[in-house]
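Written out below as structure tokens is the structure these notes cover.
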Amino acid sequence: MTFPEHPPLPPDVDPDLWFDTERCGRHYLLDGNPHTFPGRMDAYCPEQGIRTRVSKAEIRDCSEQTRYFVRGFLSGSEPPPPKSAASTDPAYLSWSNAASRFRETGLWRDSDAATNAEPATEPDAETSPSSGAATGPQLSAGSGADADDELEELPEGLLVAIGEQETVRVALVVDMPDSDARRAVEVATKLAERVGRRTCDTPGPVEVSRPVSFTRVYALVGVTEQRPWVAVQTAMTALGRSGWAPVTAVEGEQYVTAEFSAGRAVNRGLDALGVTALEIHAAYGLGHNPSRTPGGRA
């Protein structure tokens, strides 16, 4: 008996809507709109068997059907022009320039967003050009020298905000059973270092909070190039796979969490440290937006 190299695609995945990314290989566009950022599209990753989000800037080689799908999707997702603005009004001209860039790159930036420091940009790392000859039609990726020049023209405050939103960070929330605050901080630091070595650019941690009620400690581990889902799975492996509840994702896959309980199953590494509960969080912008950052900083 022979088996296919890859599992069959789900019935709602159209095999003609394929595209390749440099980091994770072949994906397929899906019907629907994730309603996260303008230009974001639903996609299926058969390598990991998950549904994810993608921007035009991430797409390299693709089918002709995909090229037209993206073109139509961006046209339908284009934010409307300012109300009651003449074609010569600065606000309208700013929108027109942003719309033109949006159709080329799939990224939406306008002067109003810059003023309010609330940019709607794509939080993904798969934007570097792929090597080798193209095997199909390619989309303008909005990367390289032209995109760099465009970014350099943006205000510094907006560049910082964009960088925060585009960056995946990993954090831990550690619960200990006793009131030894010093021990709780030591354990949180040790676990953050262990996770950081496997998932982040540096061993970490970037920050460890004071314990809340002497038992609960927050640790911002560091920055990773991995997607939130992959980062959480890697962190779980680093800490031992036993005792975890099923991984959950919110806001599409922009924010992914996993929760450990010592009473759920034996985990020799965490049990030896006396950890009663542990949370792993990986998300875009984590650590910069207080509403999305877990743990206590009291």
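What you are looking at is a predicted structure, and each value in this text was computed from that prediction instead of being measured.
- Arg182 has a carboxylate O that lies under 4.0 Å from a charged side-chain N of Glu186, or vice versa, which qualifies the two as a salt bridge.
- Nearest heavy-atom pair, Ala282 versus Ala231, reported as atom, atom and distance to 0.1 Å: CB-CB, 4.1 Å.
- At a threshold of 4.5 Å between side-chain heavy atoms, the hydrophobic network of Ile, Leu, Val, Met, Phe, Trp and Tyr places Val230 and Leu172 in two separate groups.
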Ring pair (Phe, Tyr, Trp, His ring centres under 6.0 Å) assessment of Trp244 paired with Phe260: CA-CA 4 Å; Trp244 297 93; Phe260 164 83; 5.6 Å; yes
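- Smallest separation of non-hydrogen atoms from Pro228 and Gln254: CG-O, 3.9 Å.
- A donor-acceptor pair is defined here as one N or O able to donate and one able to accept, closer than 3.5 Å; such a pair exists between the side chain of Trp95 and the backbone of Pro80.
- Nearest heavy atom pair, residue Leu30 against residue Asp12, reads CD2-O, 4.1 Å.
- Distance check: Arg60 CZ to Asp20 CG gives 11.0 Å after rounding to the nearest 0.5 Å.
- Between atom CG of residue Asp175 and atom CZ of residue Arg216 there is a gap of 4.5 Å, rounded to the nearest 0.5 Å.
- No donor-acceptor pair under 3.5 Å is formed between the side chain of Ser94 and the backbone N or O of Pro90.
- Within the 3.5 Å criterion, the main-chain N or O of Gln233 finds a donor-acceptor partner in the side chain of Thr237.
- Note that the OG atom of Ser63 and the CZ atom of Phe19 stand 10.0 Å from one another [nearest 0.5 Å].
- Criterion: ILVMFWY side-chain heavy atoms under 4.5 Å apart, direct or through other members. Under it, Leu270 and Val247 are part of a common hydrophobic cluster.
- To the nearest 0.5 angstrom, Thr21 atom OG1 is 8.5 Å from Glu47 atom CD.
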Test log, rule side-chain contact (heavy atoms from CB on, under 4.5 Å), inputs Leu74 and Phe102: CA-CA 8 Å; Leu74 293 182; Phe102 181 64; 3.8 Å; yes
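- Looking at Arg241, its side chain never comes within 3.5 Å of a backbone N or O of Ala238 through a donor-acceptor pair.
- The main-chain N or O of Arg103 is found under 3.5 Å from a side-chain atom of Lys56 such that the two form a donor-acceptor pair.
- The shortest non-hydrogen separation linking Asp271 to Ala265 is OD2-O, 4.4 Å.
- Ala188 and Ala219 make their closest contact through O-CB, 4.3 Å (heavy atoms, listed as atom of the first residue, atom of the second, distance).
- With Asn267 contributing its side chain and Ser242 its backbone, the two residues share a donor-acceptor pair below 3.5 Å.
- One distance of note links OG of Ser261 with CD of Glu279; it measures 11.0 Å at 0.5 Å rounding.
- Side chains of Val195 and Cys200 form no contact here, defined as non-hydrogen atoms less than 4.5 Å apart.
- Under the 4.5 Å side-chain heavy-atom criterion for ILVMFWY residues, no single connected hydrophobic cluster contains both Val223 and Tyr284.
- The main-chain N or O of Trp18 is found under 3.5 Å from a side-chain atom of Thr66 such that the two form a donor-acceptor pair.
- Distance check, rounded to the nearest 0.5 Å: CD of Glu259 to CG of Leu278 gives 8.5 Å.
- In terms of modelled atom types and a separation under 3.5 Å, the side chain of Ser77 and the main chain of Pro38 share no donor-acceptor contact.
- Cluster annotation: Val173 is connected to Val206 through the hydrophobic network of ILVMFWY side chains, with a link wherever side-chain heavy atoms come within less than 4.5 Å.
- Nearest heavy-atom pair, Arg194 versus Leu239, reported as atom, atom and distance to 0.1 Å: CD-CD2, 3.9 Å.
- Under the 4.5 Å side-chain criterion, counting only non-hydrogen atoms from C-beta, Val217 is in contact with Ser209.
- A donor-acceptor pair under 3.5 Å is absent between the side-chain atoms of Thr199 and the main chain of Thr234, judged by distance alone.
- Ser75 places a side-chain N or O within 3.5 Å of a backbone atom of Arg71 that can act as its donor or acceptor partner.
- Looking only at side-chain heavy atoms (C-beta outward), Val275 and Leu191 come within less than 4.5 Å of each other.
- Counting only heavy atoms from C-beta outward, the side chains of Asp31 and Asp42 never approach each other to under 4.5 Å.
- Under the 4.5 Å side-chain criterion, counting only non-hydrogen atoms from C-beta, Met41 is not in contact with His27.
- Between Pro15 and Leu9 the shortest side-chain heavy-atom distance falls below 4.5 Å.
- Gln226 is not listed as a side-chain neighbour of Val168, based on a closest heavy-atom distance of 4.5 Å or more.
- Using a 4.5 Å cut-off on side-chain heavy atoms (C-beta onward), Arg183 and Leu273 make contact.
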